[in-house]
Amino acid sequence: MMDSSLQEKTLDVVKIREQFPILHQEVNGKPLVYFDNAATTQKPLAVINAITDYYSTINSNVHRGVHHLSQKATVALEESRHKIQQHIRAAEPHQVIFTQGTTDSINLVSIAMERSNLLRKGDEVLVSALEHHSNIVPWQILCERTGATLKVIPINQQGEIVMEEYRALLSENTRLVTFNHISNALGTVNPVQEMTRLAHDAGAWVFVDGAQAAPHTAIDVQALDVDFYAFSGHKAYGPTGIGVLYGKEKILEDLAPYRGGGEMIESVSFEKTTYAGLPHKFEAGTPHIEGAIVMGAAIDFLNEIGLDRIATHEEQLISHALKRMAEIEGMRFIGEARQRAGAISFLIEGLHPYDVGVLLDQMGIALRTGHHCAQPIMDFFDIPGTLRASFGLYNTTGEIDRMMEALQKAVSMLR
Ligand code: PLP
């Protein structure tokens, strides 16, 4: 019998789920419920088949060969760049740089800023307290190496950035402000446009970590007016090992390359090497060709469904989950931002999150436990970690009800 909750109002989830073979399996004798989408999403057949197609038909190195396969692979890679440019509404395709993922994109900019001598003692980098380690450590290293100061934009008990404190931190010394679009640990959606405007008023650049936004919301880098925006393929139904850095053209043109090698040069001699233009200046070496091409297939998949419909569906999931989870005695939500998406972090009084996570796994339910690579957030709430349920477009309210049953069982077993 069909799970009635699959007939969601906004999406044909039955049809969507048919496209995700991995979801149709049992874990520990129970149908899998996959609620670890903030860590990575599962892949639709369109993506899986695009990988096979690439290796079965056009595999070849790009930008080098005159031969047929190399030209085909190059065209496919550049078409994918174009798709991504349109998807995030960048002005030009060469503002889309392929990287290994969000972490790599952040490192690219932080290393390039150091190489370009853009920071010195007295300069400040503002990082929100809501960040994944990926969006903390590279900036820490940059500050250590240049003598600049890293300052933290505080959050409140709801897990929201405190805007008055942010305004107070901005000054003529601020060179860069960085924060995520959506928090992986708490699900907070940040006011990117407003924060960017304030940073620009102070003369600072803005780097937005969009790792958690790409699967949940439409992105318009020009409307947001951000200077840099990064995301990973694997969190948006695409492959691992590939991601994107978007940057404003003039800024990217002026930044020094962060890695040297093939593909990124115009001419090389022992006396003087000149660099290629954008985007190749930042794409040294053979790229993750298959990944870049297949990321385009994942974007097609998302656009065929429509990010607005995905967002509406996921809002329904979140509000259903929050309502149902509040039924559990001792439920403590960590992070209760007014604008939220993607993830719900929680603790149950008297129970260790790890024990609950293990019991849920035995009942086929994949949740994440731990600090979610955001130890400063855990320190802020004075907790070692949380349980986190994070949703994707293929999840259903019926699955949330199954998680509830499992949580009730775990509570009665552990209490
Ligand atoms: N930023 C955020 C908000 C994330 O959630 C993650 C991954 O969980 C990252 C950055 C790092 O992404 P990746 O490991 O794909 O580079």
Side-chain angles (χ1 to χ4, degrees), residues 34-43 47 84 97-111 127-141 153 155 159-161 177-190 192 195 206-217 219 224 226 228-246 258 282 287-288 291-292 294-295 298-299 314 334-335 337 339-345 366-378 380 385-392:
Y34 186 76
F35 283 165
D36 194 17
N37 293 285
T40 200
T41 51
Q42 300 302 349
K43 315 305 168 203
V47 164
I84 295 165
I97 294 159
F98 285 118
T99 64
Q100 292 168 19
T102 308
T103 306
D104 194 35
S105 300
I106 298 166
N107 278 280
L108 188 165
V109 173
S110 63
I111 295 170
V127 178
S128 103
L130 209 50
E131 299 311 301
H132 188 282
H133 296 161
S134 292
N135 201 31
I136 299 175
V137 184
W139 306 116
Q140 257 175 340
I141 297 173
I153 312 166
I155 54 170
E160 295 168 325
I161 285 175
V177 175
T178 184
F179 51 87
N180 52 44
H181 194 158
I182 300 179
S183 152
N184 65 307
L186 308 182
T188 310
V189 180
N190 284 315
V192 177
M195 289 183 71
V206 173
F207 188 114
V208 173
D209 168 353
Q212 295 297 335
H216 301 300
T217 180
I219 296 161
L224 295 173
V226 294
F228 302 102
Y229 195 98
F231 57 101
S232 304
H234 72 102
K235 292 189 195 281
Y237 308 97
T240 51
I242 187 77
V244 161
L245 170 71
Y246 157 83
Y258 86 128
F282 294 110
H288 182 4
V294 177
M295 200 168 163
I299 297 241
E314 290 177 354
I334 308 295
Q339 300 290 327
R340 64 182 307 159
I344 299 177
S345 252
L367 249 69
R368 183 146 292 233
T369 63
H371 55 59
H372 317 298
C373 294
Q375 281 179 351
I377 299 181
M378 303 301 135
F380 173 77
T386 72
L387 281 144
R388 182 185 70 187
S390 55
F391 307 109

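Computed over heavy atoms, backbone and side chain alike; hydrogens, waters and symmetry mates excluded. Read the numbers this way: they start at 1 and go in the same order the structure lists the ligands and their atoms. When a residue number appears, it is its place in the shown sequence, counting from 1.
- By the 30° and 60° cut-offs, the orientation of the rings of His133 relative to His371 is tilted.
- With hydrogens and angles left out, the side-chain atoms of Thr103 and Ser134 include a donor and acceptor closer than 3.5 Å.
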Could you check ligand 1 for N or O atoms lying under 3.5 Å from protein N or O atoms and list the pairs with distances?
from, atom 1, to, atom 2, distance (Å)
ligand 1, 1 (N), Asp209, OD1, 3.2
ligand 1, 1 (N), Asp209, OD2, 2.5
ligand 1, 5 (O), Gln212, NE2, 2.7
ligand 1, 8 (O), His132, NE2, 3.3
ligand 1, 8 (O), Lys235, NZ, 2.5
ligand 1, 15 (O), Ser232, OG, 2.7
ligand 1, 15 (O), His234, NE2, 2.8
ligand 1, 16 (O), Thr102, N, 3.4
ligand 1, 16 (O), Thr103, N, 2.9
ligand 1, 16 (O), Thr103, OG1, 2.5

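- Side-chain contact between Gln212 and Asn180: absent, with no pair of heavy atoms (C-beta onward) separated by less than 4.5 Å.
- The shortest distance between side-chain heavy atoms of Pro376 and Ile136 falls below 4.5 Å.
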Q) What do the steps show when you test Tyr246 against Phe228 for ring pair (Phe, Tyr, Trp, His ring centres under 6.0 Å), and what is the final call? A) CA-CA 5 Å; Tyr246 157 83; Phe228 302 102; 8.3 Å; no
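- The only option from Thr41, Thr240, Thr40 that meets the side chain to side chain donor-acceptor pair (under 3.5 Å) definition with His234 turns out to be Thr40.
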